[in-house]
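Okay, so here's the structure we're looking at.
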2 protein chains.
Amino acid sequence: MGLSKTASFSTEQNRIAELAKALAHPARVAIVQYLLKAEACICGDLVDALPLSQSTVSQHLKALKTAGIITGSVEPPKVCYCLNITVLKEFNSAFGEMFSRCC
Amino acid sequence: MGLSKTASFSTEQNRIAELAKALAHPARVAIVQYLLKAEACICGDLVDALPLSQSTVSQHLKALKTAGIITGSVEPPKVCYCLNITVLKEFNSAFGEMFSRCC
DNA sequence: ACCGTTCATCGTAATATTGCGATAAGTTTC
DNA sequence: GAAACTTATCGCAATATTACGATGAACGGT
């Protein structure tokens, strides 16, 4: 059916999957890496930095925003994108907790 | 088009995205958690543990195997699934490297 | 008021994912 | 060999994702 049976799994499992899905595309990985390297908020040079059209980049940014990984603040005429450190820590602890035992 | 422009991104970015995609579904998160909790190889109780049909579980297992996160060894009449510690370490270092600077 | 710049959204098309039942493939046991 | 058990694969349908061009919304400067 193509329907993810979200309701059948725990909130934690769904959240981990949501965070993973946000990074499940190389363009979104590239965006996050770009923001990390800049160590600052970036006022939308991302379209130039990526081999994708403006509308596609905007869609990927929306996906990252929905997952909470980045935030965007309007700074006319541009929009500044920042990594959300709180959610990155959540990401680290979620996956760290999973794998700390074995690795 | 729905085509991921894989060739436009670095090998590292594609690999990170591939690993993330493997955990981008709550069922696959549940499978990995189950294997972690068991701290051993599991001979296919997974279908009982998940609210999904046998064929669907088999598909998710295939996805995890393709990404290298688990391995399956035939132990007739069952198949034993194990976490691949090497790839879990790869996972940890890939994401740890990304986020260590900021968190 | 009119541009130009920047970004989001809409509409569309191609492809991928998710899920299940049915069926096939591989063993062991009888 | 036949039957039982376990897992993989096929075929299908519903939905999601990816990508782009075109258009729209918001703002600043002229």
Side-chain angles (χ1 to χ4, degrees), chain A residues 1-9 13-14 17-32 34-35 41-67 69-82, chain B residues 1-9 13-14 16-31 34-35 41-67 69-82:
Chain A
M1 297 186 207
L3 243 182
S4 267
K5 299 180 77 174
T6 306
S8 306
F9 297 96
Q13 287 164 344
N14 278 297
E18 188 187 16
L19 288 172
K21 188 183 252 180
L23 291 184
H25 191 285
R28 295 195 289 273
V29 173
I31 289 172
V32 171
Y34 192 88
L35 291 175
C41 295
I42 287 298
C43 292
D45 314 314
L46 286 163
V47 175
D48 295 328
L50 295 174
L52 297 170
S53 75
Q54 181 267 323
S55 60
T56 303
V57 172
S58 189
Q59 273 189 327
H60 284 303
L61 288 169
K62 188 182 180 185
L64 288 170
K65 252 189 283 187
T66 301
I69 292 180
I70 65 172
T71 58
S73 60
V74 185
E75 194 114 357
K78 301 196 172 186
V79 176
C80 290
Y81 295 103
C82 270
Chain B
M1 298 189 206
L3 243 182
S4 269
K5 300 179 75 174
T6 305
S8 306
F9 297 96
Q13 287 165 342
N14 278 298
I16 290 178
E18 187 186 19
L19 288 172
K21 188 182 252 180
L23 291 184
H25 191 287
R28 293 195 290 272
V29 173
I31 290 172
Y34 192 88
L35 291 174
C41 295
I42 287 299
C43 292
D45 315 313
L46 285 163
V47 176
D48 296 328
L50 295 174
L52 296 170
S53 74
Q54 182 267 324
S55 59
T56 303
V57 173
S58 187
Q59 274 189 328
H60 284 304
L61 288 168
K62 188 183 180 185
L64 287 169
K65 251 189 284 186
T66 300
I69 291 180
I70 64 172
T71 57
S73 59
V74 186
E75 194 114 357
K78 300 195 172 186
V79 176
C80 291
Y81 297 103
C82 271

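Chain letters run A, B, ... following the sequence lines, proteins first, then strands; residues in each count from 1.
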(Q) Expected output check: what is the dot-bracket annotation of DNA chain C, where ( ) and [ ] are pairs inside the strand (brackets for crossing ones), | is paired with another strand, and pairs are Watson-Crick or G-U under 3.5 Å? (A) ||||||||||||||||||||||||||||||
(Q) Testing the basics here: between Leu23(A) and Val29(A), what is the closest heavy-atom pair and its distance to 0.1 Å? (A) O-CG2, 3.4 Å
**Q.** Contact nearer the 5' end of DNA chain D, comparing Lys62(B) with Phe9(B)
**A.** Lys62(B)
Q: With sequence neighbours excluded, tell me which residues meet side-chain contact (heavy atoms from CB on, under 4.5 Å) with Ala27(A).
A: His25(A), Leu52(A), His60(A), Phe9(B)
Q) Contacts to DNA chain C from residues 18-28 of chain B, heavy-atom cutoff under 4.0 Å, which residues? A) Lys21(B), His25(B), Arg28(B)
Q: With a 4.0 Å heavy-atom cut-off, tell me which residues in residues 47-59 of chain A come close to DNA chain D, sorted by residue number.
A: Leu52(A), Ser53(A), Ser55(A), Thr56(A), Gln59(A)
Considering only nitrogen or oxygen atoms on both sides, find all protein atoms under 3.5 Å from nucleotides 3-6 of chain C and state each distance.
unit_1: dT6(C); atom_1: O4'; unit_2: Pro77(A); atom_2: O; d: 3.4

**Q.** Protein-nucleotide distance (Ile31(B), atom CD1; dT18(C), atom C1'), rounded to Å
**A.** 13 Å
Q | Most 5' of Ala63(A) and Pro76(A) on DNA chain D, judged by nearest nucleotide | A | Ala63(A)
Q: Compare every heavy atom of Tyr81(B) with every heavy atom of Leu35(B), then report the nearest pair and how far apart it is.
A: CD2-O, 3.6 Å
Q) Between the side chain of Arg28(B) and the main-chain N/O of Ala17(A), is any donor-acceptor distance below 3.5 Å? A) no
**Q.** Set of residues satisfying side chain to side chain donor-acceptor pair (under 3.5 Å) with respect to Glu18(B), sequence neighbours excluded
**A.** Arg15(B)
Q | Residues that Lys78(B) engages under side-chain contact (heavy atoms from CB on, under 4.5 Å), provided they are two or more places apart | A | Cys43(B), Asp45(B)
Q: State whether Tyr81(B) places a side-chain N or O below 4.0 Å from either non-bridging phosphate oxygen (OP1 or OP2) of dT6(D).
A: no
Q.
Checking the side chain of Ser58(B) only, and the main-chain atoms of Gln54(B) only, is there a donor and an acceptor separated by less than 3.5 Å?
A. no
Q: Applying salt bridge (charged side-chain N to carboxylate O under 4.0 Å, His left out), name anything that partners Glu75(A), two or more places apart in sequence or on another chain.
A: none
Q: Could you state the atom-to-atom distance from NE2 of His60(A) to P of dA19(D) in whole Å?
A: 4 Å
(Q) Could you work out, with side-chain contact (heavy atoms from CB on, under 4.5 Å) as the rule, every residue matching Ala67(A), not counting sequence neighbours? (A) Ala22(A), Ile69(A)
Q: Look up atom CG in Asn14(B) and atom CG in Leu19(B), then write down how far apart they are to the nearest 0.5 Å.
A: 11.0 Å
(Q) Would you compute the distance between atom CG of Leu46(B) and atom CD1 of Ile31(B) and round it to the nearest 0.5 angstrom? (A) 6.0 Å
Q) Would you say a side-chain N or O of Lys65(A) is under 4.0 Å from OP1 or OP2 of dA8(C)? A) yes
**Q.** Under the side-chain contact (heavy atoms from CB on, under 4.5 Å) test, residues paired with Ser53(B) that sit two or more places apart
**A.** Ser55(B), Thr56(B)
Q | Length of the line joining Leu61(B):CG and dT18(C):P, which is rounded to integer Å | A | 13 Å
Q.
Can you list everything that forms a side chain to side chain donor-acceptor pair (under 3.5 Å) with Gln13(B)? Sequence neighbours excluded, please.
A. Gln33(A), Ser10(B)
